[in-house]
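Only one structure is covered here, and it is reproduced in the block below.
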Amino acid sequence: MPAESQRLERPAAGAITSQLGRRDVDYLKGLNEEQREAVLATDGPLLVLAGAGTGKTRVLTTRIAHILRTGLARAPEILAVTFTNKAAREMKERIGQLVGASIEGMPWLGTFHSIGARLLRRHAELVGLKSDFTILDTDDQIRLIKQLLDAANIDEKRWPARVFAGMMDNWKNRGLLPANVSAAEAGAFANGRAQTLYADYQARLKVLNAADFGDLLLECIRLFNQHPDVLAEYHRRFKYMLVDEYQDSNVAQYMWLRLLAQGKPASEANICVVGDDDQSIYGWRGAEIDNILRFEKDFPGARVIRLERNYRSTSNILKAASHLIAHNESRLGKTLQTDVGEKGDLVGVTSVWDSEEEARHIGEEIEQLQRQGENLNSIAILVRASYQMREFEERFLTLGLNYRVIGGPRFYERREIRDALAYLRLVWNPNDDLAFDRIVNVPKRGLGDSTLRLVHEAARHQSTSLTDTVRMLVQTEELKPKQRATLRQLIDQFDDWRRRAKAQPYGMMEVDEDAPPGVIRRTPWHADLARQVLDESGYTEMWQNDKSAEAEGRLENLKELVNSMEEFDSLGGFLEHVSLVMDRDTGEAEDAVSIMTLHSAKGLEFDTVFLPGWEEGLFPSQRTLDESGRAGLEEERRLAYVGLTRARKRLRLSLAQNRRIHGLWQSAIPSRFLDELPAEAVEVKDTGSAYGGYGYGGRAGRFNVADPFDSVYETPGWRRAQAQHQSRRSPGPVTIDGDLVARSVDDGRGSKYGVGDRVFHLKFGYGRIEALEGNKLTIEFEKAGRKKVLDSFVQKG
DNA sequence: GCATAATTCGTTTTT
DNA sequence: CGAATTATGC
């Protein structure tokens, strides 16, 4: 885990350029004509349409190297954005190799989000944040929304928080601030209160000094729009802009780029986008394939360079992929030419009885390949939906075949990791209410719903953080003694940890760069502190006492987490890293078959690729068809294209005649995509167990396909979708949940009490104020006696 | 407040 | 069919 965010701060700006003079760089060697052109066309807008396996990353990295080498710009003057951390890391590495320097000095190479975060931290105060703002993950987001729904008296059963989170995500992906959300769209949630909720949510984030992932872009856009001077600063700074996987960009990312490119007239902008419209598979999460299709209009006079020479696959594989993708209408059009030279094996298509047989069959083929000396690492199984994976896992376990599942729950998404991080976040920032919420009763401390509800209400009334609220509450008698003692202890503990955190000066863990190898590096204090926090809080113990099977693994993960902290210079730096870099190191040490979804396979390649489950409904997915119609079908087809083009030498498709979905068996129809493969590149195989005549193999090369596309509109699913769409469009009669009974609300003049006032307290009844101390009142109650309470819990009686 | 039974509900996923 | 979340009883 490289400490990118930390190291980049060091002024190594000249590191790359200074070494260039000494090196005879032959970076242009080995590039084909188009690639070289794409590298050398530095000025003006450029669209590089790079088909699968045509050397896209190579062009991108070489282009950067070229810009540096020729002195067109220095490293900090180049903005290069990717979508994933993995891609960013890879680029850094390869640029490093090309220019013979380390990754240092490319401060603006990163994901949209990490660069967005970097920009926001620099100008935080202009968007209502402090520069040490917290980046929320989806978990925190949901928690926060739940609180807001609760506060607004919206039934969370009927209007689930995750649905609203999805809507907001959607808006943010499209660059919409609360004010810009159309009433029609907002009407679809909580009887039209969505817009207010969105605004409340944003306001709450500011109070919490936090931003969610969407904000990292959206707030940048707002910043640029509202502060042209700031934007101008970056116009001057960035001489060249490069964007990877442009077909995956969404509207917000487009706006972001557009603003940054505005320093010059569009026809002169030095912006280079690289992508493949045929590999756009993220439409469902906001990607606008239109961005890439429209590039030439956005940037008039843009050069377009097509990379069509494929260095990956045999011609049969390529033929299959090209033939299939040609069925799409909205595409810019490329024709991949193989450079491999071999025709290779035919693409195998096998029909099997059910998914169990499918797994058995693929297992056998893999064992066969293994006997032929193939490496398991060079084999992958790519599925459409993750539930298909289980069958393979089970089979491979009984076979004793090594496999690895890629893209499962990520390290930083595991419960124990999030809990541990919440502890650390709360040490780092006492006002992190979401972190507080997460761990206040983890491990179990006997603080249940009622106690926490009380704390929350008090916090809401007083507009203080949960930590501060509790700090006040424990000085009163609002809480039951047991809970009060527990909370007091917890607060004290955190204060203690914070003291320890401050006690250690930063200088202590500065790494001695000149130390000879072998010198044991001192464990940074914050890793130690983390260990202490986890031990003293009882968190470690909680898992030690847990007898479930996963407990051991969780403890391991916690250790790993603490160890990984040692690579960071400060707790803050570490926390930034974990909130943005959510990917795990790929353990490629062992030889194993890879099992993953088609989506997570993008960008990878394998000698042998198995593509199971080519059945109507599963692939293409019925749901996508229902929701997005023809556009959905085209995206599914691109997904198929991505799958096919992952293979270098061997491609094996399969389909089951019967599949169990949601517990019940359904007979399946072969995928229409099978019909779209060129017959001459395909070989239909038979497992022998398929029932003659029914099987796909029985039809002598003609695929027993699927209804024509139009019939999709007749499926029940489609009609359902239509119906939903209708109901969403028309707001309909406004039904009121009946829950409009006024709650005892703070009337705003809350804290204006004086000694002698008669007040009412929900729990203790009527009483008279004896003394005032800030917002703490001492009251002599008529029935309950003398108590200390918070002013927000009483009303004038 | 917490452990256990009943119920709901089923893509794809990065940051 | 099975996970994952929610209602129920102690």
Side-chain angles (χ1 to χ4, degrees), chain A residues 81-88 110-117 135-142 156-157 160-162 166 169 172-173 211-218 245 248-250 252-253 280-287 355 382-391 394 406-410 412-413 415 440-453 480 482-483 486 576-584 596-603 613 617-628 632 635-636 638-640 642-643 659-666 717:
Chain A
V81 277
T82 64
F83 279 83
T84 65
N85 291 298
K86 197 175 152 205
T111 62
F112 275 102
H113 295 268
S114 63
I115 292 175
I135 297 167
L136 300 189
D137 59 36
T138 35
D139 247 35
D140 297 319
Q141 225 182 327
I142 297 286
E156 218 251 299
K157 306 265 153 50
R162 44 185 59 261
D169 195 49
K172 291 187 174 186
N173 282 339
D212 63 22
F213 284 121
D215 287 343
L216 297 180
L217 290 168
L218 197 55
E245 304 277 17
D248 285 337
S249 61
N250 61 34
Q253 283 154 346
S280 162
I281 55 175
Y282 286 110
W284 52 272
R285 68 175 198 214
S355 55
L382 312 181
V383 298
R384 171 69 247 260
S386 49
Y387 65 77
Q388 291 173 262
M389 291 180 182
R390 179 195 305 230
E391 202 86 60
E394 276 169 16
I406 296 177
R410 272 163 288 284
Y412 291 114
E413 276 169 14
R415 183 152 48 130
V440 63
N441 200 31
V442 179
K444 297 266 185 300
R445 296 189 171 92
L447 302 165
D449 264 7
S450 54
T451 308
L452 296 178
R453 199 181 299 271
K480 289 189 225 119
K482 211 177 103 199
Q483 276 75 337
T486 309
E576 165 98 5
H577 172 85
V578 295
S579 43
L580 285 173
V581 186
M582 293 292 250
D583 61 353
R584 204 172 9 155
M596 69 188 98
T597 63
L598 286 161
H599 282 92
S600 44
K602 194 167 81 163
L618 175 60
F619 193 30
S621 147
Q622 188 59 50
R623 196 163 154 182
T624 302
L625 260 33
D626 288 349
E627 281 170 6
S628 314
E635 180 152 315
E636 292 285 305
R638 290 193 291 270
L639 196 51
V642 167
R659 192 169 289 274
R660 204 171 46 190
I661 302 165
H662 308 334
L664 39 108
W665 285 95
Q666 295 192 318

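Taking both residues in full, the closest heavy atoms of L447(A) and V440(A) are given as CD1-O, 3.6 Å, listed atom of the first, atom of the second, then distance. Here the shortest heavy-atom pairing between G110(A) and A88(A) reads CA-CB, 4.0 Å.
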With 3.5 Å as the limit, what N/O pairs link the protein to nucleotides 3-8 of chain B?
none

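For the atom pair CG of D137(A) and CD of E413(A), the computed distance is 8.0 Å after rounding to the nearest 0.5 Å.
One finds no side-chain N or O of T111(A) lying less than 4.0 angstrom from the OP1 or OP2 phosphate oxygen of dT14(B). Phosphate proximity of dG1(B) to T451(A): present, with a side-chain N or O under 4.0 Å from OP1 or OP2. Neither OP1 nor OP2 of dT15(B) sits under 4.0 Å from any side-chain N or O of S579(A). Taking 4.0 angstrom as the limit, N441(A) places a side-chain polar atom (N or O) nearer than this to OP1 or OP2 of dC2(B). For dT15(B), neither phosphate oxygen OP1 nor OP2 lies less than 4.0 angstrom from any side-chain nitrogen or oxygen of S114(A). Residue N85(A) places no side-chain N or O under 4.0 Å from the OP1 or OP2 atom of dT14(B).
Distance CZ (F112(A)) to P (dT13(B)): 21 Å, rounded to an integer number of Å. Counting to the nearest Å, the C1' atom of dT14(B) and the CG atom of D212(A) are 14 Å from each other. The nearest whole Å value for the distance from the CG atom in N250(A) to the P atom in dT13(B) is 18 Å. Taking atom OH of Y387(A) as the reference point, atom P of dT13(B) lies 13 Å away to the nearest angstrom. For the pair L216(A) CG and dT14(B) P, the interatomic distance rounds to 16 Å; values are reported in whole Å. To the nearest angstrom, P of dT14(B) lies 17 Å from CD1 of I135(A). Summarising the geometry, the separation between CG on L452(A) and C1' on dC2(B) is reported as 14 Å, rounded to the nearest angstrom. The CZ-P distance, from R623(A) to dC9(B), rounds to 12 Å in whole Å.
One P atom belongs to dA4(C), the other to dT13(B), and the distance between them is 15 Å to the nearest Å. Taking atom P on both nucleotides, dT5(C) is separated from dT12(B) by 15 Å, rounded to a whole Å.
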> What is the per-nucleotide protein-contact pattern of nucleotides 1-10 of chain C, from the 5' end, where B denotes a base atom under 4.0 Å from a protein heavy atom, S denotes such proximity for sugar-phosphate atoms only, and - denotes neither?
Replying inline: BS----S---
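S621(A) comes within contact range of at least one nucleobase, with a heavy-atom separation under 4.0 Å. Heavy atoms of Q388(A) sit nowhere under 4.0 angstrom from any nucleic acid atom.
Residues I135(A) and L580(A) have side chains in contact (heavy-atom distance under 4.5 Å, counting atoms from C-beta outward). Residues D248(A) and K602(A) are in side-chain contact: their nearest non-hydrogen atoms beyond the backbone lie under 4.5 Å apart.
T451(A) meets the side-chain hydrogen bond (donor to acceptor under 3.5 Å, both in side chains) test with no other residue; sequence neighbours excluded. Applying the side-chain contact (heavy atoms from CB on, under 4.5 Å) test to A161(A) and every residue at least two apart in sequence or in another chain returns I142(A), I145(A), K146(A), L149(A), E156(A). Shown here are the side-chain contact (heavy atoms from CB on, under 4.5 Å) partners of N250(A), two or more places apart in sequence or in another chain: N173(A), A252(A), Q253(A). Residues passing the side-chain contact (heavy atoms from CB on, under 4.5 Å) test with A640(A), sequence neighbours excluded: L324(A), W614(A), F619(A), F673(A).
For the pair G446(A) and I281(A), both in contact range of DNA chain B, the more 5′-proximal nearest nucleotide belongs to G446(A). Mapped onto DNA chain B by nearest heavy atom, G214(A) and A385(A) fall at different nucleotides, with A385(A) at the one closer to the 5' end.
Between H599(A) and Y282(A), the angle of the ring planes lies from 30° to 60°, which puts this pair in the tilted group.
Comparing dT15(B), dT14(B), dT12(B) by their nearest atom to the side chain of R285(A) picks out dT14(B). Side-chain atoms of W284(A) lie closest to dT12(B) of the nucleotides dT15(B), dT12(B), dG1(B).
Looking at R384(A), its side chain never comes within 3.5 Å of a backbone N or O of L618(A) through a donor-acceptor pair.
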